[in-house]
Every structure is written in C-alpha cells, then in structure tokens.
Amino acid sequence: MVEVVLKDGSKKQCPKGISISDVIRDISPGLFRRSLAAQIDGRTVDLSYKINEDCRLNILTFDDEQGKKAFWHTSSHILAQAVKKLFPGARLAIGPAVDNGFYYDFDVEKPFSTEDLQVIEEEMKKIIKENLELERFELPRDEAIAYMKEMGETYKVELIEELPDDAVISFYRQGDFVDLCAGPHIPSTGLVKAVKLLSVAGAYWRGDERNKMLQRIYGVSFPKKSMLDEHLQRLEEAKKRDHRKLGRELDLFSLHEEGPGFPFFHPKGTIIYNLLVEFWRKEHVKRGYHEIRTPVILNKDLWIRSGHWDHYRENMYFTKIDEQDYAVKPMNCPGSMILYKRKLYSYRELPLRVGELGLVHRHELSGVLHGLMRVRYFTQDDAHIFMLPEQIEDEILGVIELIDHFYSIFGFKYYVELSTRPEDSMGSDEDWELATNALEKALKARGLDYKINEGDGAFYGPKIDFHLEDCIGRTWQCGTIQLDFQMPERFDLTYIGPDGEKHRPVMIHRVVFGSIERFIGILTEHFAGAFPTWLAPVQVRILTVTDRADSYARELSAILSDADIRVETDLRNEKIGYKIREAQTEKIPYMLVVGDKEMENRTVALRARGRGDLGTMQADEFLSKILKEIRTKSV
RNA sequence: GCCAACAUAGCUCAGCAGGUAGAGCAGCAGUCUCGUAAACUGCAGGUCAGGGGUUCGAGUCCCCUUGUUGGCUCCA
C-alpha cells in the first residue's frame, strides 16, 4: 500500500501501482470527469501515471493553470494530427500551449491560407469525435532518433539530439499519430469540446531569423462550447478598448501614410501628453532631479564614441550637414554625457540626477509598428543618475519607489524583469556581473517578484524592466532602470574624491513612463478611454435644456474655467437626451444639465459618466468636489 | 525585414458569379424650445489606397508599390 496525501491534507491508502485516474474515480466521479492531469509532489504528470510510493497528489482541472496547459497542449497535438492527415508532407516543429491557447509550427511547401484553417479545424473536430486515447511511451535515445528519422521528422531529430544525456525521451500516441513530447497530456481527445483556429503566421525555426520560416497556426480550445463563446466574446470586448480605435473615436491621435510609425497628436491627445509631463516634472523636482534638453541631431563621431555606431546602427537614422555625417538620436545618454563633462564635479555633488524629456527616433522594422505602442519616434522621460559606487543601491531603490508611485496612481499592476547581458554588448564580464548583482540586490531588498530575462539587457548594461498590460493581455515594457559602467568609461567621466584625485562615477539610465506615447496607449486601454477626471481632455460639459439657459451656462463655464477646469458648453438647439448621449460617448466625466430650474436656484443638475443622474446641487458645491477629485488624482 | 490577411464617403460597413458606386452615423441647410443615451425633412460627400495589365467593359480578375492588421525577429 502507498499513502497519498491530497490537496486538502486528507490521506488515502491505495494499492501500490494504482493509476491516478483510479484514485480520483474513487474520490469523486464528478471530479474525475473534470480532471485533466495531476501533480505528484509538484511534478505534473498524466492521469494514467502509476503511483508506486507515498506522495502528495494534486488534481488538475481546466481551472488550474497547469491543467489548462495540458489541455491546450493536447489540442496542439490534435492540430498536428489533422495537418499531417491533410498535408502528409508537412514536417512537425514544436507545438506548445501558450497563455491564451496553443500553436503548432509546421514546415510545409506552401503557406497555409485562411481557407486551409477551416478545413484543418473540421478535421480536428473529427479527431475529437473519435475520442482517441493518448498513450505515453519512452524510447532510448538512438531508437528515438531512428524512429523520427524513419518518419522524416527532421526537426524532431534535431530536438532529441539536443536533449541532455539523462533526459527521458517520451512520445505520445493518439490513433495513428505519434509525437515527441515531454507531456503531460489529457487522457483523450474527446475532452476537447470546442476548438477554434484563430490565425496563421510565419515564425522562424527556434525564433532565429537566420533559420527557415515555418508556418505557425494559433488556436484555442475549451472543455465546454459555452466557454469558447465567452472567450470570443471577451476578445470582441477587448477590441473596443483598443487604443487605436479609441484614439480615433476620442480624437486623441492619428497615424498617416505620410509617416508610418510617426503618430500625430490632436489637441485632446496633447492635453493628456502635457498633463503627464506636468505631473512628471513636479514629482522629479521633489526628488532632486534637474532637467536638461539636448539636441536631436548630433555628430556621428559622438555615436561612434558611445558605442551606438557599433551596437545600435541598424536602428538609427543618419543625415548630412555641410558634408559631415550626423545621426538623429535614438537615445539621450550621449547628450547627457557631454553636459556632464562641461565642468568638474566634487563627490559632494553626487548623486547627480539629470532628467530629460528627450525626443528619440528609432528605425523599427515596418512589421512591428503598432499604434502608439510601437512607433518610430517617441518621448522618453529619461534621466541619468551619476553617482559614487556606494550610492548604487540607494539610487536604484529610489527609482523603483518612484516608478511604483507613478504606476499606483494610475492603478496599474506591473511585471518586473531583470535583463542580463546580451550577445552584442560591450564591457568586461566583471563589470556586467557587478552591475547585474547590484540590480538584483535592489530587487530583493524591495521584495519585488521578478523574472530573469536572459540576454535581453542594453548593450551597455543590465536592466530592470517594468511591463504593463494592454487590452488583450500583451505586455509592453514601460519603465526601465539600467546600470551602466561603460558610458562613464568611454566618455572618461570623473569626479574629484575626498582624496583630491579623479575617480570614475557610475551611472544609471532610467525612465518611468518609458515612452510617453506608449504610456498614453496603455492608459487609454486601461481606462477604456474613460480617463480619470484629472487626465480627461474635457472634464465638464454644460448642457442647456433650452436657449433660455444660455447665459447661465456661459456664466458657469467662466467660473469653472477660472478654476482651471477644462469645460465646454453645448448650447445647440438639440434635445437634452441627444446632448447627453454625445457627451457620454465622448466619455466626459461630468455633465451639468442646466434649465429654467437651475438658472433660478443657481444650481446644477449633475450627471456623471457611468453613474447617471446624481441630482441637483449648488454650483460651488460641485466646484469644490471636482477640484478635490482633480487634486487627489483619484481614479 | 519575413509569413498571412486586408484596403470602398470623416466613421462603421453593403456592393453577390466583371456591365462605370450604395446605407447608417457624422457634416451642412431648414423646421421643432424640448428635462437625463439618438426629433423631423432635405442637401452634399467617393480618380473604390497608388500604379500597371487582362477585357468591348475592372471596386470586382492578375502583377507591382504603399499602408494597415495578426504573428515571427527586434524593442520604450
């Protein structure tokens, strides 16, 4: 007998060699129907796994992250089986579960068309209907390679050859289809009650553009038909929050063929931009930052010296002035270096925090442009902190505090990553290790959860990245903190120490918003266009019931405007319902309805976006209420 | 840049198997003075992304270019 400890702590005696399925069936037939995979002592396994010793058992359903993954992983096998049946020449690459479904990469003669997806989806449904069982088996390395070679699966052969020596090489069989796979999988294909193939895309083998481009099919699946409908419904809803759609509807910004990746900001978008900048300046002055402005175009020699020519040239724009080569800045740091070098600094002056709202241009590949999120010019809310080596940790912690303060004001949740040395980079291994450790130490001191992003640092130093989510859950890097020993060296920066000698300062590059343009995109999607009052381009609109209230409306407007509130009047000869509807679709936070009654009593009938009619109140009562809301930046 | 799809009025979309463009909203002009998400009538608005080709005839079929979308690579 073996002892199985369940999630709730209860213990169960079972015969040795019993399958997990049998254990669950014994606990509850209802749970058995929903179970997809299981964890034995934290290791995810199939339900057919035989228990041979005492263990802790955790049963996974579609509600568990790992259960979902197994479900989608099996779905990707069904996809591969369908493709092999319809396109026998297709070779299989990889087919994992991802956050929102699954995909499979195929090497095929001719790219898949949208029509092919339909046919493949139909074939998948047949496989599901057959309710094939998934059966696991293992092979020694040489047999596994021979087996895959025989089937012509060259990508699989490559995968097996690269597995570590001690790896268990397992396969899963469903009907006549076999795939190399670590598992786990759900017991049978019939559990997939609803499947939808969403898109085809090219994807390089192993994500390397030097490799062959494969055809990737994305799909999603669920154990219930209604869950698929809900999922598709959610995607539709998310589209309504898309900042590109809202940007057009709310007249914030636009993009034109004349400047792909170069957004135009309209008056209302510019109001938001300016408010963010104003807020940014206040918070930075409080924290001892100075602000500078440096040129957009600087001589090429500067960029050679900074290392950008060697490591960032592909992303830069160049121009000529009087026969000399110049570059449009893709980063602000070299300009900041020049200013640091204009005079001598004492150690007493450090840390020196120098901010710059710098307009940078970067040549991004045409295929990656995306609204305001990925553009070819943007404003970095940059700052460079020059400091003594012993100030590193405090300064990093200060920036983390600042970023957290900013994001929490908007109510954002964020993800943190630590990016380490990339292949194309400069400096010694010791410097990189020192810098990376310093960042990591600060993260730990602050108690932040973070993921390590191997090889994704800047070419001059490692970085802590802060990611925010868009409407469909894609994350975008916004804030970043980069520790740099290289630039001070390259530009021979110095400060005079207590010993009267010159020493080398260390520097931090950091941004909070990241790109003000991208941040506006994130804000738009986060609030679905209904910006908090302090950020709303129009904060109040006064709506008249009839033209008898026009002069009262103008008077109110002047009072609010004097208090720096962004107010508009709607005196058109339209029905009040029509005016309300329009203000509502423009997502204006407050509507003041004024007619004969209000005029007589010097009141306003208040209506708030999303909260409807709030009744009547004195005009000055409303004024103090909205002023407080703006001052506290409440969301 | 690569793979696929898409591009018709300011916006959202019709235009079926080639026979020279249509709706709703927005805009403009009038009428209605109206109390919490759409009053009524009329008018105007398009070298169908740009260029080439096939055809008696192309928004519709083919090719190229540009842009957009979803991915890949890359990144704030």
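Hydrogens, waters and symmetry mates are skipped; everything else that's a heavy atom, side chains included, is used. In what follows, chains are A, B, ... by sequence order, proteins preceding strands, each numbered from 1. Predicted model, so just to flag it, every value in this text is computed and none were measured.
- In this model, a side-chain donor or acceptor of E598(A) finds a partner on the base of rG35(B) within 3.5 Å.
- Under the 3.5 Å distance criterion, with hydrogens and angles disregarded, no donor-acceptor pair is assigned to the side chains of Y289(A) and E283(A).
- Within 4.0 Å (heavy atoms only), E249(A) reaches no atom of the nucleic acid at all.
- Among the protein residues, L369(A) comes within range of the sugar-phosphate backbone only, with heavy atoms under 4.0 Å from sugar or phosphate atoms but none that close to a base.
- Between R376(A) and E517(A) no salt bridge is recorded (no basic side-chain N to carboxylate O distance below 4.0 Å).
- Listed here is the closest heavy atom pair of G479(A) and I403(A): CA-CD1, 4.4 Å.
- The separation of rG45(B) from rG24(B), taken at their C1' atoms, amounts to 15 Å, rounded to a whole angstrom.
- Nucleotides rU54(B) and rG42(B) are separated by 44 Å at their C1' atoms, to the nearest Å.
- At rA37(B), none of the side-chain N or O atoms of K575(A) fall inside 4.0 Å of OP1 or OP2 (strictly under the cut-off).
- Note on R248(A): a side-chain N or O is less than 4.0 Å away from OP1 or OP2 of rU12(B).
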For RNA chain B, the dot-bracket pattern of Watson-Crick and G-U pairs whose distances stay under 3.5 Å, | for other-strand partners
(((((((..((((.....[..)))).(((((.......))))).....(((((..]....))))))))))))....

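- For S366(A), a side-chain nitrogen or oxygen approaches OP1 or OP2 of rG1(B) to under 4.0 Å.
- Judged by closest nucleotide on RNA chain B, D596(A) is the one of D596(A) and G479(A) placed further toward the 5' end.
- The CE-C1' distance, from M591(A) to rG35(B), rounds to 14 Å in whole Å.
- Within the structure, a side-chain polar atom (N or O) of Y218(A) is placed less than 4.0 Å from OP1 or OP2 of rC72(B).
- A straight line from CH2 of W476(A) to P of rA76(B) spans 12 Å, rounded to a whole angstrom.
- For the pair L468(A) CG and rC75(B) C1', the computed distance is 15 Å after rounding to whole Å.
- Here the closest heavy-atom approach between residue H308(A) and residue C333(A) is recorded as CE1-SG, 4.1 Å.
- For the C1' atom pair drawn from rA7(B) and rC13(B), the interatomic distance equals 13 Å after rounding to whole Å.
- Counting atom types as modelled, Y204(A) pairs no side-chain N or O with a base atom of rG71(B) as donor and acceptor under 3.5 Å.
- Residue-level contact check: A583(A) touches neither bases nor backbone, having no heavy atom under 4.0 Å from any strand.
- Straight-line distance between the C1' atoms of rG35(B) and rG70(B): roughly 47 Å, to the nearest whole Å.
- Rounded to whole Å, the C1' atom of rG19(B) lies 11 Å from the corresponding atom of rU60(B).
- rC3(B) atom P lies 20 Å from atom CH2 of W205(A), rounded to whole Å.
- For the pair E582(A) and E364(A), nearest-nucleotide mapping onto RNA chain B gives the more 5' position to E582(A).
- One finds no side-chain N or O of Q584(A) lying less than 4.0 angstrom from the OP1 or OP2 phosphate oxygen of rA37(B).
- Of the candidates D484(A), I385(A), L483(A), D484(A) is the only one forming a side-chain contact (heavy atoms from CB on, under 4.5 Å) with M507(A).
- Within the 4.0 Å cut-off from OP1 or OP2 of rU73(B), not a single side-chain nitrogen or oxygen of R374(A) is found.
- Ion pairing of E314(A) with R362(A) is absent here, as no side-chain N (NZ or NE/NH1/NH2) approaches a carboxylate O to less than 4.0 Å.
- Across the protein-nucleic acid pair, Q380(A) atom CD and rC75(B) atom P stand 14 Å apart, rounded to whole Å.
- Of the listed nucleotides (rC3(B), rA76(B), rA38(B)), rA38(B) has the atom at the smallest distance from the side chain of Y578(A).
- A sub-4.0 Å separation between OP1 or OP2 of rG70(B) and a side-chain N or O of H370(A) is present.
- Checked by atom type, the side-chain pair R91(A)/T154(A) shows a donor-acceptor distance below 3.5 Å.
- Using a 3.5 Å distance cut-off with no hydrogens or angles, the side chains of R216(A) and Y218(A) do pair a donor with an acceptor.
- Atom CG of L372(A) and atom P of rU68(B) are 13 Å apart (whole Å).
- The ring of Y317(A) has its center closer than 6.0 angstrom to the ring center of H363(A).
- For rG27(B) and rA14(B), the P atoms lie 24 Å apart once the distance is rounded to whole Å.
- Taking atom CG of residue D465(A) and atom C1' of nucleotide rC75(B), one finds them 10 Å apart after rounding to whole Å.
- For rG71(B), one of the phosphate oxygens OP1 or OP2 lies less than 4.0 angstrom from a side-chain nitrogen or oxygen of R474(A).
- One finds no side-chain N or O of R362(A) lying less than 4.0 angstrom from the OP1 or OP2 phosphate oxygen of rC75(B).
- Spacing between rA5(B) and rU41(B) at atom P, rounded to whole Å, works out to 44 Å.
- Between the side chain of E525(A) and the backbone N or O of H243(A), at least one donor-acceptor pair lies under 3.5 Å.
- For the pair F406(A) CZ and rA76(B) P, the interatomic distance rounds to 19 Å; values are reported in whole Å.
- Taking atom P on both nucleotides, rG50(B) is separated from rG67(B) by 15 Å, rounded to a whole Å.
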